[in-house]
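To start, the structure under review is shown below, and the notes come after it.
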Amino acid sequence: MMRSVMPLAFRILAMSALGLATNAFALINPQFTPAHLVGGSAVVLQLKILPEPGDAKLAFAVESVLKGKFDSKKVEVDLTSTSYPDQAKFAAAMARGSGARLALMFIGEGSAEEQKIYIQIEGSWIALSGENPAWKFDQMSTAMLTTWNGGTDMLLKWVKCILEDPTVEVPVRTGVNWGHAISAGKIAGKVAGAVPVDLLGTGVPLLFVASDTGDRLFSFVDGKAEDLTAKCKLQSKSIVFAWGDFNGDGRLDLASWDGKALTIYTQGADGTFTGAAGARGLAECLGLVALDVGTMGKPGLLVSTSGAPLLLIPGAEATPRSVFEGEWLGKNLGKAMACLLADFDNDGVPDIIQPLARGGLFYKGTGLGVFAAPVACQVAAGEAPGNACLGDWNQDGLLDIIISGNDKCTLWENRGKGNFSDENKLTGEMSYQARDASIIASACDLNNDGRQDVLLLYSTAAPQIFFSRGYRCFGFSISMDLSRTPVLPAASDGQIAGCVADFNGDGAQDLAVVLGDGECVLVTRASTGEDLCARAVVSPKSGCVGPVRVWSLLNNRILGAWNLSRGAAPAFLCRSDAGPLKIKWQFPGQAEQTKDIVLENKPVTVLLEPLGAGK
C-alpha cells in the first residue's frame with residue numbers, strides 16, 4: 001500500500017512559515033497525549049477520505065462514530081476561507097494522495113467558539129473551526145504533533161484502546177537510566193558481531209563477540225566481567241556464525257565460518273568446545289541461521305549467499321544445496337544481505353525473506369526446512385545496509401523488520417502473506433531523529449513496559465534509543481542518550497558491534513557494545529526496584545532448533561511478538577506494573593500454546609516446550 005511521503009516535509013515548511021524552530025515537533029507533550037485527546041473529545045469519528053476535485057474542499061464519509069453522537073454520514077471542510085491558503089492546498093493534495101484513505105476527527109467539548117476540532121491524516125493534523133455542516137479549514141496544526149506524531153491507522157488503535165480502558169497511559173518518556181559501565185577488555189582483529197547466547201538455557205545469557213582473530217565469550221556477574229573463552233576452550237575465528245544444537249545432544253554448539261571453511265564447534269558435557277568440519281566446501285557465506293530440517297530436532301543451517309540461499313545439514317562431507325528448485329529472481333535487485341528466517345505469515349512454519357538493495361524475495365515455508373520458490377516482496381535493504389532485526393512494533397502479532405543502513409533506516413511493516421510496507425516516515429521521532437548511518441538495529445524493551453523499543457548503533461556517533469509510545473510510534477530517549485551522560489563518554493565516538501539483553505539477570509536489559517578501538521563494554525540499565533519481566537526461552541530439552549514465534553498479551557491486547565531460537569537471548573516479556581500476563585508461542589509445524597503467568601517482584605523464566613514433550 002502506498003502512503004503519502006509529504007507530511008514530514010510539510011511539517012518543516014509549515015513550522016518555518018509559523019516562525020517556529022524546526023525541532024519543535026521533536027517534543028512530546030506529557031500534558032496532552034492521545035489519552036487526553038480522546039478523554040476531552042465529545043465526538044470521535046473514523047472517516048474515509050472521499051475523492052473530491054480541486055482544492056476547494058475536503059470530503060469524508062463517516063465510517064464509524066467511535067465516541068459520542070454524530071448523525072451525519074458525511075463531513076465536508078471548506079478550504080477557501082482560511083488565512084493560510086498554501087496550507088489548505090497542501091491538505092487537499094495530502095488527502096488526494098492518501099493510500100489508506102483513513103482519517104480521524106476529534107470534536108472537543110464546549111461551545112462552538114471554545115471547541116478544538118482536529119482531523120488527522122497520515123501523520124499530519126488539520127485544525128478546523130465552525131460546526132456541522134459548516135466546517136472550515138483554519139490551518140495545519142504543528143502543536144498537535146506533540147500529541148501524536150505517527151500514523152492514523154496506529155492512532156486509531158490507540159483510540160480504541162483508550163475507549164476500552166480510559167485509565168491506560170500513553171508513554172511520554174523512557175522513565176529509566178543507564179547504571180554503570182563494565183569493561184571486558186579489548187577485542188583484537190576485525191569484529192564481526194556481538195550477540196547474547198544462552199549456553200545453559202537459564203534465560204541469563206553470556207556475551208559472544210565474533211572476531212577473525214579469535215571469538216570471545218564473557219559473563220557478567222556481581223558487577224564484573226569474566227572472560228570464559230579459555231575455560232570453554234573455544235578456538236573459533238568467525239566472520240559469520242550461528243548458534244544451535246547441531247548434534248542433538250541438548251547442548252548448544254557454534255557454527256563458524258572463517259572466510260574459507262565452515263567449522264562446527266560442539267559443546268561437550270564439561271562445557272568445552274571441540275571443532276570439526278561442517279561442510280565439504282563453502283566459498284561464500286553472508287549469513288548463517290540454525291533451523292529444524294524435515295522434522296523437529298533435526299538441525300540444519302540456512303546459508304545466505306549473493307545468490308539463492310542454501311540449505312546445509314552440517315557434517316564433514318556435507319554439501320550445501322539450494323533451498324528451492326527453479327529460477328532465482330534476484331539478479332536485477334542489486335546486492336543481497338543475510339536472509340531472515342521467521343514465521344512471517346503466522347501459519348506456524350518458518351519462511352525466508354532475502355532483502356536485496358532494490359527489493360526482496362519471499363520464500364514461503366511449506367514444511368520444516370522446506371520452502372517454495374521465491375516471489376518478489378517489498379523488503380529492500382538499500383545500497384549500504386547494516387543489519388536487520390525483527391520485532392512487532394504495531395502490536396498485531398506479525399513480525400516486522402527494521403533494516404539499518406548507511407543511506408537510511410527502514411521499518412518494513414508486515415501486512416501478511418509476504419507483503420510489507422515501509423512505514424519509517426510515520427514512526428514519530430525515529431523518522432527524523434535517527435541518523436542516516438546506522439550500522440546495527442536491535443529490538444528491545446529497556447523500560448519493561450511490554451512494548452518493543454529500538455536501539456540504533458553508529459560507527460561515528462553515540463547509540464540512540466527510541467522508546468515505544470505504542471503502535472509504531474517512537475520517542476527519542478534523552479535519559480538513555482550516552483552522549484549526554486558520563487556513563488560511557490567513548491560511546492560518542494562510535495561502535496563496531498553491540499546488542500541488548502539482560503546479561504546480569506536483574507530483570508532489566510543491558511547494552512553491550514564494542515567501541516571503535518575494540519574495547520568491549522557492558523552498560524547496565526539502572527534498576528528501578530520495580531522491573532518486572534518474564535524470560536521465555538526454548539527449553540534445552542525441547543529438541544527444537546527453531547525459530548519459535550512468541551508473543552504476549554495484556555487484557556487481550558497484543559504487546560509484541562519475538563522471533564526466538566534455541567540459545568538466543570530470551571523473549572523479554574514485560575508489563576509496567578504487577579499483575580497477570582498471557583504468553584503465547586508456536587513451535588514450527590505445531591499449534592499455538594498458551595500460558596498465564598503473574599509478574600510480581602522478580603524475573604520469571606518460562607521454559608517453552610513443543611506439544612507432546614516428555615511423553
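All values derive from a computational prediction rather than experimental measurement.
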**Study point:** Atom pair CG (L456) and CE (M430), whose distance is rounded to the nearest 0.5 Å
**Key:** 6.5 Å
Review point. Under 4.0 Å between a Lys/Arg side-chain N and an Asp/Glu carboxylate O for E413 and R415?
Key: yes
**Study point:** For R472, the option from D153, D400, D422 that meets salt bridge (charged side-chain N to carboxylate O under 4.0 Å, His left out)
**Key:** D153
Check your understanding: Which atom pair, heavy atoms only, marks the closest approach of L200 to P540?
Key -> O-CG, 4.1 Å
**Study point:** Modelled atom types, side-chain donor and acceptor of Q267 and T272, under 3.5 Å
**Key:** no
Exercise for review: Could you tell me whether the side chains of S477 and T174 share a donor-acceptor contact shorter than 3.5 Å?
Suggested key: yes
Review point. Got a second to check how far Y471's OH is from N394's CG, nearest 0.5 Å?
Key: 9.5 Å
Review point. Counting only heavy atoms not in Q235, do more than 12 fall under 6.0 Å of its CD?
Key: no
Review point. Would the F324 and Y363 ring centres measure less than 6.0 Å apart?
Key: yes
Point to revise | Exercise: do S238 and D215 side chains pair donor with acceptor under 3.5 Å | key: yes
Check your understanding: Does a side chain donor of either T528 or E530 reach within less than 3.5 Å of an acceptor in the other side chain?
Key -> no
Check your understanding: Can you check whether P610's main-chain N or O pairs, donor with acceptor, with W585's side chain at less than 3.5 Å?
Key -> no
Point to revise | Residues W328 and Q354: side-chain donor-acceptor under 3.5 angstrom | key: yes
For residues 550-560, which side-chain N or O atoms pair as donor and acceptor with protein atoms under 3.5 Å away, sequence neighbours left out?
none

Point to revise | Salt bridge D345-K364, side-chain N to carboxylate O under 4.0 Å | key: yes
Point to revise | Residues forming a side chain to side chain contact (heavy atoms under 4.5 Å, CB included) with D258, sequence neighbours excluded | key: K260, A261
Counting only pairs under 3.5 Å, give me each side-chain donor-acceptor contact of residues 290-303, with atom names and distances, residues two or more places apart or in other chains.
residue	atom	partner	partner atom	Å
D292	OD1	G297	N	2.8
D292	OD1	V545	N	3.1
D292	OD2	V545	N	3.1
D292	OD2	G546	N	2.9

